[in-house]
There are 2 protein chains.
Amino acid sequence: MSKFATATKRLVLGRPFRSDRLAHTLLPKRIALPVFASDPMSSVAYAPEEILLMLSVAGASAYVYSPWIGLVVALVMVAVVASYRQNVRAYTSGGGDYEVATVNHGPRWGLAVGSALLVDYILTVAVSIASAAANIGSAVPFVATHKVAFAVAAILLLMAVNLRGVRESGTAFAIPSYAFVAGILAMILWGAIQTFVLGDAPRAESADLELVAEEHHLTGFAFVFLILRAFSSGSAALTGVEAIANGVPAFRKPKGRNAATTLLMMGTLAITMFLGLLFLANVTGAVMAEHPGEQLINAPEGYEQKTLVAQLAGAVFAGFPPAMWYVIFFTGLILVLAANTAFNGFPVLGSILAQDRFLPRQLHTRGDRLAFSNGILFLAGFAIVLVIAFNAEVTALIQLYIVGVFVSFVLSQSGMIRHWNRLLRTETDPAARRRMRRAQAINSFGLFMTASVLVVILVTKFLAGAWISIVSMAAIYFLMGAIRKHYDRVAQELKEDESEPVTLPARNHAIVLVSQLHRPTLRALAYAKATRPDILEAVTVNVDDADTRRLVDSWDKHGFSIPLKVVESPYREVTRPVLDYVRRIRGDHPRNVVTVFIPEYVVGHWWEQLLHNQSALRLKGRLLFQSRVMVTSVPWQLESSKYASRRAEAAHPVAGDVRRGLFDLTRGPDGGGKGQGSGR
Amino acid sequence: MSKFATATKRLVLGRPFRSDRLAHTLLPKRIALPVFASDPMSSVAYAPEEILLMLSVAGASAYVYSPWIGLVVALVMVAVVASYRQNVRAYTSGGGDYEVATVNHGPRWGLAVGSALLVDYILTVAVSIASAAANIGSAVPFVATHKVAFAVAAILLLMAVNLRGVRESGTAFAIPSYAFVAGILAMILWGAIQTFVLGDAPRAESADLELVAEEHHLTGFAFVFLILRAFSSGSAALTGVEAIANGVPAFRKPKGRNAATTLLMMGTLAITMFLGLLFLANVTGAVMAEHPGEQLINAPEGYEQKTLVAQLAGAVFAGFPPAMWYVIFFTGLILVLAANTAFNGFPVLGSILAQDRFLPRQLHTRGDRLAFSNGILFLAGFAIVLVIAFNAEVTALIQLYIVGVFVSFVLSQSGMIRHWNRLLRTETDPAARRRMRRAQAINSFGLFMTASVLVVILVTKFLAGAWISIVSMAAIYFLMGAIRKHYDRVAQELKEDESEPVTLPARNHAIVLVSQLHRPTLRALAYAKATRPDILEAVTVNVDDADTRRLVDSWDKHGFSIPLKVVESPYREVTRPVLDYVRRIRGDHPRNVVTVFIPEYVVGHWWEQLLHNQSALRLKGRLLFQSRVMVTSVPWQLESSKYASRRAEAAHPVAGDVRRGLFDLTRGPDGGGKGQGSGR
């Protein structure tokens, strides 16, 4: 052994990339915007509507408050965007809120952020798909009458696409996102021109309906409560802002600054669309009732309330239906894209949590299709449960939403304040200190705003559904804590123990399990010999007297230099006699090691696995429970194994790749950009 | 290696039996009768009733044919019992009809018998439980109104008991079986005494009901068809006779003769009970309608037709209800026992089919709880489907039944005729020849009778449901054929090939996979050294730069004589970089063998398995696809593995043990009989 140097070599594989593999490709801002902003921008499709629906409880007169509520939401949005511009400059590794909370408040708080975001991803899917169903239902009545079925089918479709491994590309995001933004902005602009320039304001189809308040005599306190509730529903417009903070590594350099600029662009667009839609709703006189059947007394027979976006598009583009269809179609599409975002973000977050051992370790490795699949199934399953339980009603689902996001906002912003405090303690350059002070002030303002909103949300939504989210977060929090504890305990158990040095085994007693004398057995015998054990013997279990006799005869005829021992098994068991035998030879020489060679068939189809290896697998599993026993599989590749081998060679993309800056080489946004080599 | 003798040693383990293990214990006739005859005897609980129900279609006047039909069924029973007495003397190994058909007609016919019996086991469960529900429902109205639910619950209970592993004992069978026989015989006897001695024949509760024919003007041919249909339903009394043929090994010596005597006892009892019940039905004037609601025009409001056994017990024991309850209770119990019989017989038959490689090989080993469990789940699942699909109606289910049994009868009896022909060809002793001729005549008579019945069944029941059974048999037949073909192809592929001798590998290149420097890794390194490979190196995958740097530092500090190689993994994959690395070192030296040592954690709970070893397992699975690679698991037993180890030590009995002559040592029928040593 001494002829090998003790120096550690760093080995770089010769051909690190194949044509079917992925390479790091960084996103320009014009692509990063649609990739990361589809989620926050899509929420303007339902947030303004939810404000009107909440206000409708107090009657149409309450609509006068909607612009003011909109302005406050916009103010919070400004504060959040400004704060996150600090975050992305300070933390460019992509850990997002989780990282900020962990570094500045400790891992327990980071875990709280992780739990909150996991729950929120599920709700993003449910809310976005429910809203997509409502919007598409406004144009296609069949979808409206089968809303739940449509939503479930859409989630199943997204699940299937993500399980299969969709080749994400920036283009796939860019076109619908920009088309949506362009459509909404054009609608707002044309509506404004009609109103102010042509002096002929568009009228919504519901403008003439008479809205009856559900609660007629709201006292002062109850009325304030209603306003606050409308405000917290409108805050749904802020969801998804943190997505960019998780995606910093995918930006081109300087990453932090580019991400900050993209955040600014996203914020500007989202606020413009959000306020513009509220303005149009005011101008067109659109009437949205929380319970249309009861509140709209002069509605025509069979009146189906359309979504706000659909009504506005219908009013503004009254003379040109294709434009209306365009707006509704791209609104539905961006909502589906937002749901898909959750399918991508969920496994990425899971992988970050797994790195810190809060989730099973294998979630951390990108290649683990199974782990990713489980995550996707989990996400889809829970989203479907929510959609069915809440009848695909956005208004009901939104009560559960955003509490998670705001928990994350608050912990992240307060973490940033600590971050600056820490830096300020050592920083002496006055200019740098000034910059830090300013950034800290922005984060403090962000904390103040988001904490206030969180309190409003908790007060106004707790009983309406937020408690479900909070209970779920707590459950996930404790589960992840328990997983971490388990890993820590195991790590402690496994730590190198100086007092108990690992000794070199005295002798290696090898046994080869033999059932028949065929080529896999011969190979196993040859390999076992090649390991030059101190003792080598073949062992067979006598399950059938006639078979055993045949085996013994051909063994003797063959003239092996290895003795064959026959272990009796009166009940045709295989496992227990071998276990007993190994226990005996192991017991005789306590410093010996026993190596058990098991010839194994490698097959190509799952059903072949049912027909082969079952005894070997069970035996292997049981043998490992004995100490000082090694189990060696000597594979024999059956012809059919080639199929499986070929199948496994075909690499699939994995959900979330684009968000991590991993792109398909052949179809990346740069149009077949070359890989950046193997550097990291 | 040469210091080891090439002689083959037969090793007998020192302590072959523990107190919690099983031993061979052979059954005396008085125990064998209830163990094997509960199934055939229980069928008298529904066979006479089905005759009356079929006849009822033509009105009460058709009841006059019931004694004659009963006599023909009894005649067939005599023929079958006489035939099987020949079978059990000639074939004592327990293969039953399957063996007889395989040996005398070839494996394809044996397979047909196997398929037929597998289907029949499912129907035994469905019919017996449905009949049990009807009988118990006759005493407990709640069961009658929830018949399907009761039947499904009973099957699930049997399933659970058999999955858990019930400690079968002869006593558990003996008491209910003898109690049932005693009850029925006492009922018949007391009914006869009332009729003939006291001159006061008992009257059934339905005796005064007026039965209206469903088909009023049956033509001659249609009437014959009806009679034949009633006959074939009555033939259900013959099911289960073959059970004793499968159980010969469990009998005391002389096995064949004892089994033949037991068959005779069973046949006598079954015929007596069967004819006795038909006699009582005649005497008491019991009226059984196939569709009580339509056919019984003067029935009182809410009349629920009870089973024949319940009506007869009510009539005979009119003055003493406890006796009536006794008969009904033990009738229900023996029917449940008969269903349990199928739960025991199904895995035994599966194990015989697996021995001939028609079913996955692991079914052959007794110890395989998983395989047995799958068989039990399969049986229960299909029985539940049948019970629900046919609304737990015995009359409907019985149309699917017995076609399988009679296919098996016919193939077995015709096989026996060939058997005697073969023996007669060489036999010269006149006395022996005479005996054989006589046995052959008996089997020929059996063949004639069973073939006739099979034709009648096929003609009268094909459209009524038997086609379902036949299609199922065909499907199972082809599936088992395909499995056998697969095993044959693999065996061909694996056969020792003289032209391609297995060469001893030139060099053994060992690599130890390292993720951290903890005790499992140290042990793996020590073990790998102990196998004295030609090249030994440690390999780690760089998933995380910081972790890898830490590992490399402590490696260097430790001063190992083994070099540590770092394999780059730009995408945090573990599997692929290792596969590529192994492929490279394997490729460099085509006659080398690569041994990959994987440290593995052994855990005690299934959820821990989710948290550990996932990467190792996947890697192992993929490595085996490469030729000339051995994979060695070096286990590290975590503290928690002790639980699992303890759990696995507790041996459970397996369904079907009693039928194979395997008995619990502590609770066997001999009251703790001593094991027969380890001899076979």
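Letters A, B, ... are given to chains in the order of the sequence lines, protein chains preceding strands, and every chain is numbered from 1.
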Under 4.5 Å, counting heavy-atom pairs only, tell me which of B:Arg489, B:Met630, B:Lys620, B:Arg357 racks up the most with chain A. B:Met630
Highest number of heavy-atom pairs under 4.5 Å with chain A among B:Asn508, B:Thr531, B:Val629, B:Val631 belongs to B:Val631
Under the salt bridge (charged side-chain N to carboxylate O under 4.0 Å, His left out) rule, collect the residues that match up with B:Asp547, sequence neighbours excluded. B:Arg550
Between B:Gln626 and chain A, which part of the residue has a heavy atom less than 4.5 Å away: side chain, backbone, both or neither? backbone
Go through the structure and list residues passing side chain to side chain contact (heavy atoms under 4.5 Å, CB included) with A:Ala354, not counting sequence neighbours. A:Leu359, A:Leu363, A:His364
Quiz item: cation-pi between A:Arg484 and A:Tyr487, 6.0 Å / 45°: no
Is the backbone of A:Pro635 close enough, under 3.5 Å, to the side chain of A:Arg523 for a donor and an acceptor to pair up by distance? yes
Quick one: what part of A:Thr575 sits under 4.5 Å from any heavy atom of chain B, side chain, backbone, both or neither? neither
